[in-house]
Number of protein chains: 2
Amino acid sequence: MSTGLSIGQVAERTGLSVHALRFYEREGLLADPVRREPNGRRVYTEDDVDWLAMCIRFRSSGMPLDTIRKYTDLVRQGPGNEQDRLALLRSHQDRVTAQIQELNECLNVITHKVDLYQQRLAEGTADCLWAAPSTPTDTSAAF
Amino acid sequence: MSTGLSIGQVAERTGLSVHALRFYEREGLLADPVRREPNGRRVYTEDDVDWLAMCIRFRSSGMPLDTIRKYTDLVRQGPGNEQDRLALLRSHQDRVTAQIQELNECLNVITHKVDLYQQRLAEGTADCLWAAPSTPTDTSAAF
DNA sequence: GCTTGACCTAGACAGCGCTCCAGCTCCTAG
DNA sequence: CTAGGAGCTGGAGCGCTGTCTAGGTCAAGC
């Protein structure tokens, strides 16, 4: 077990700002209350960092802080509510899966447009100066 | 060429609210200005709907309205700036790709946790009443 | 003793993307 | 004639997620 970490160190490790760290704590996103030095300064443990890393994962996959707090509450309550935790995780899992699919569809559209423009630029090699292409080969919806 | 569409019809087709449609217009996200009936009501074309569908794809893949507006401006300016459009699309493409990857990583983490909980619940079949597992097999960071 | 820098709190503010409201005009049906 | 419904405008408000400010404490170093 290493020495405790200051808020600055945790900010550096997690990539969160010190502001955000305090904010997260106020919002009840930390599994157990952060210890304090006698002078009131926060002392984080490695576990806190791990927990925060997980929160960041949740956040960056679109889980609202509110839901993270709910999960945190469940964990804080201790064993006995595994079903609830599982349900929460599963529903997030579904959302993320759906989101990935959605993004893939978007990516296809975008890639298609990118290809079109590349093609177009490749044809009109010199800065693309024609006025009106005789054959509007662009079958894609909109430009 | 079909008849024009009312804002309500477009809302229905695109899934955007009429509020959002007016908002998008104010924000300059439409390639060409929406025609109006003599009484001031908006008349949309199929092209508008197509364009909006594209905007929705952009949005739902995380492109800020501001960037969509920039792209719209480029298109509105007509031919000659294909490089710029391409650059914009490419950089968005990159972001989406990165986002998908990020989400996949998150999904892995979540799936791992889901599996853990499922396992745990499967073991302690009857409502999971043990107090302390002798072997803390949970090597994952945090609960 | 003084400065510097990290930290503390409570609370105001910001950016984004809508969403809704008030108060109005039209058109159509009954 | 009236009511209902769709549309119009300008502007206020909101939910989320921070970010920043103001005003202060504390410890170390010159």
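Order of the sequence lines fixes the chain letters, A, B, ..., with proteins taken first and strands second; residue numbering starts at 1 for each chain.
In this entry the distance linking CD of A:Glu37 with P of D:dC26 reads 12 Å, nearest Å. One interatomic measurement links the two molecules: NE2 of A:His19 to P of C:dA14, which rounds to 16 Å at whole-angstrom precision. Regarding B:Leu21, its CG atom lies at a distance of 11 Å from the P atom of C:dC18, rounded to whole Å. The CG-C1' distance, from A:Leu5 to C:dC7, rounds to 15 Å in whole Å. A straight line from CZ of B:Phe23 to P of C:dC21 spans 18 Å, rounded to a whole angstrom. To the nearest angstrom, C1' of D:dT17 lies 18 Å from CZ of A:Phe58. Note: CG (A:Asp66) to P (D:dG15) measures 12 Å, nearest angstrom. Whole-Å rounding puts the B:Ile56 CD1 to C:dG17 C1' distance at 14 Å.
Looking at B:Arg90, B:Arg85, B:Glu82 one by one, the single match for side-chain hydrogen bond (donor to acceptor under 3.5 Å, both in side chains) with A:Tyr117 turns out to be B:Arg85. Under the salt bridge (Lys or Arg N to Asp or Glu O under 4.0 Å) test applied with A:Glu27, the options A:Arg59, A:Arg69, A:Lys70 reduce to a single match, A:Arg69.
Between A:Glu105 and B:Arg57 there is a salt bridge, since at least one side-chain N of the basic residue sits less than 4.0 Å from a carboxylate O of the acidic one.
Screening residues 11-20 of chain B for side-chain hydrogen bond (donor to acceptor under 3.5 Å, both in side chains) gives B:Arg13-B:Glu46 as the qualifying pairs, with residues at least two apart or on separate chains.
Phosphate proximity of D:dG18 to A:Tyr24: present, with a side-chain N or O under 4.0 Å from OP1 or OP2.
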How does each nucleotide of nucleotides 6-14 of chain D score, in 5' to 3' order, for protein heavy atoms under 4.0 Å: base (B), sugar-phosphate only (S), or none (-)? BSBB-----
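Side-chain contact, A:Thr45 with A:Asp48: a donor N or O sits under 3.5 Å from an acceptor N or O.
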Could you please spell out the steps behind the side chain to side chain contact (heavy atoms under 4.5 Å, CB included) verdict for A:Gln99 and B:Leu103? CA-CA 8 Å; A:Gln99 205 185 333; B:Leu103 280 181; 3.7 Å; yes
